[in-house]
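This report concerns only the one structure given below.
Reminder, nothing fancy here: chain letters follow the sequence lines and each chain counts from 1.
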Protein chains: 2
Amino acid sequence: MSYRPTAKTRARQKAQHESLLKTAVSIVARDGFHGLTISRLARETGIATGTVYKYFDSKAHLCAEVFKRATEREVDMVRAASFPEQPAPCRQRLTDAVTIFAERAILGGRLAYALIAEPVAPAVEQERLIYRKAYAGIFEQLIEEGVKTDEFPSQSPSVSAAALVGILAEVLVAPLGRGDAATDQSLLIGPIRKFCLRAIAFRETA
Amino acid sequence: MSYRPTAKTRARQKAQHESLLKTAVSIVARDGFHGLTISRLARETGIATGTVYKYFDSKAHLCAEVFKRATEREVDMVRAASFPEQPAPCRQRLTDAVTIFAERAILGGRLAYALIAEPVAPAVEQERLIYRKAYAGIFEQLIEEGVKTDEFPSQSPSVSAAALVGILAEVLVAPLGRGDAATDQSLLIGPIRKFCLRAIAFRETA
DNA sequence: AATAGATGTGAATCATGGTTCACTTCTTTA
DNA sequence: TAAAGAAGTGAACCATGATTCACATCTATT
């Protein structure tokens, strides 16, 4: 035996992996998953096509990692807003969570569209579902708590949570994929927030 | 000159076109747009691959017609529920529209999923947007009326309408694409209806 | 029946893009 | 520095599925 991967070697490996992932995310942010091809990724990273496969088993795996990388932070932010250190009423937390999601989606622009609404291959769609469920899970927990403490009216937390995800995706992100992105997205935040609040926190006026 | 297409000929032409479309819809209902390939369509219709192109310029055109065919009736039903012959309060009409959509989506099953949520090629997605907008347009008009007559609280009709579409798509149809279709969908109708009603028709309790 | 215009055929062609592989070029160890 | 194990290369290979095309067959006219 005469060769052992050493710390330095493994560091380079990791760095390359990282570099590829970074480039991949940047491609997706520019042209969506549609624009992410192995050869382009290789080209932009400055390596050969085949080399990519030394770092990722398949395109599906690559896409999964890209998705994870780009979405995890978002989910964390929404979770943090939903369950803050400082205790706060559910209503406030719901508002904050929706706002955070919206602001970050608008900031994300093309990338947000790619992650949430762009038509993608079934394999990538599978990844997307994981994160939709993550969002839904957070909302569900929050709504459940609100119902329990009687801050929110009786409702099905799972349905309401899924509905929230649908609202945010359709109202905020889907338009990015169309021509009508002319509208200033930030103008949508207020109305969406109100809509969600009505839907989840309002009781019928007597 | 010695040949003119005659009535009989044109009828056959139309019939064949129709037959292809019908088969295509049935394929989509079984296996989604993913399952719709030209060769399979030809096979199931009992003609040669190339012949399909005598009736449809391209797969994109075919998909567009399939989409149109399958969706138009749905949109009409929702429109009819939203703007019935008999005058009715907006609130009732909203409830009816949501219910109709939900019931039909559940009935449609796999087809509804294909039309609303299945990942598809960008060309098909384009078609989908048209019909999403059709739904949104109907809802928007209804909500606008409700706000004007003060049946609904002040809100942005366009945002609320898009939100409705998002809710219905995510809560009702998206699950069809996952394994969790085990749940009886019809149990969702009640909660969704309530959710939508709260979101659009409720006022804050004093 | 002869002819022109359609329609039907299905194997061959294209296009796209992921994946492989024989080979070269490092890295590390003895 | 020789040998072994990685990593890098990029052209070739494959898979999928839409599209074409040269040819055969059918339909309506004269």
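Between the side chain of A:Lys59 and the main chain of A:Leu36, a donor-acceptor pair closer than 3.5 Å is present. Listed for the A:Thr6 side chain is no donor-acceptor partner under 3.5 Å among the backbone atoms of A:Thr9.
Side-chain nitrogen and oxygen atoms of B:Arg12 include at least one within less than 4.0 Å of the OP1 or OP2 phosphate oxygen of D:dT27.
A salt bridge between B:Asp96 and B:Arg93 is absent, with no side-chain N of the basic residue lying under 4.0 Å from a carboxylate O of the acidic one.
Rounded to an integer number of Å, the gap from CD1 of B:Ile38 to P of C:dG8 is 15 Å. Counting to the nearest Å, the P atom of C:dG10 and the OH atom of B:Tyr53 are 16 Å from each other. Between the C1' atom of C:dT7 and the NZ atom of B:Lys14 lies a distance of 19 Å, rounded to the nearest Å. Rounded to whole Å, the distance from NE2 on A:His17 to P on D:dA6 is 18 Å. Across the protein-nucleic acid pair, A:Arg10 atom CZ and D:dG5 atom C1' stand 13 Å apart, rounded to whole Å. Rounded to whole angstrom, the span from the NZ atom of B:Lys59 across to the P atom of D:dG17 amounts to 8 Å. Note: NZ (B:Lys8) to P (C:dA6) measures 17 Å, nearest angstrom. Remark: P of C:dG8 and CZ of B:Phe56 are 12 Å apart, rounded to the nearest angstrom.
Looking at the side chain of A:Thr37, the nearest of the listed nucleotides D:dA4, D:dG17, C:dG17 is C:dG17.
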Filtered N/O pairs between nucleotides 7-13 of chain D and protein, under 3.5 Å:
| from | atom 1 | to | atom 2 | distance (Å) |
| --- | --- | --- | --- | --- |
| D:dA7 | OP1 | A:Gln13 | OE1 | 2.8 |
| D:dG8 | OP1 | A:Tyr55 | OH | 3.2 |
| D:dG8 | OP2 | A:Tyr55 | OH | 2.9 |
| D:dG8 | N7 | A:Lys54 | NZ | 3.3 |
| D:dT9 | OP2 | A:Ala48 | N | 2.7 |
| D:dT9 | OP2 | A:Thr51 | OG1 | 2.9 |
| D:dG10 | N7 | A:Gly50 | N | 3.2 |

* Given the rule in the side chain to side chain donor-acceptor pair (under 3.5 Å) test, do B:Thr23 and B:Glu44 qualify, once you have shown the distances and angles that lead to the verdict? -> CA-CA 7 Å; B:Thr23 307; B:Glu44 290 201 16; over 6 Å; no
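In this structure, the separation between CD on A:Glu151 and CZ on A:Arg91 is 9.5 Å, given to the nearest 0.5 Å.
Ring pair A:Phe67/A:Phe33 is parallel by interplanar angle, where below 30° counts as parallel and above 60° as perpendicular.
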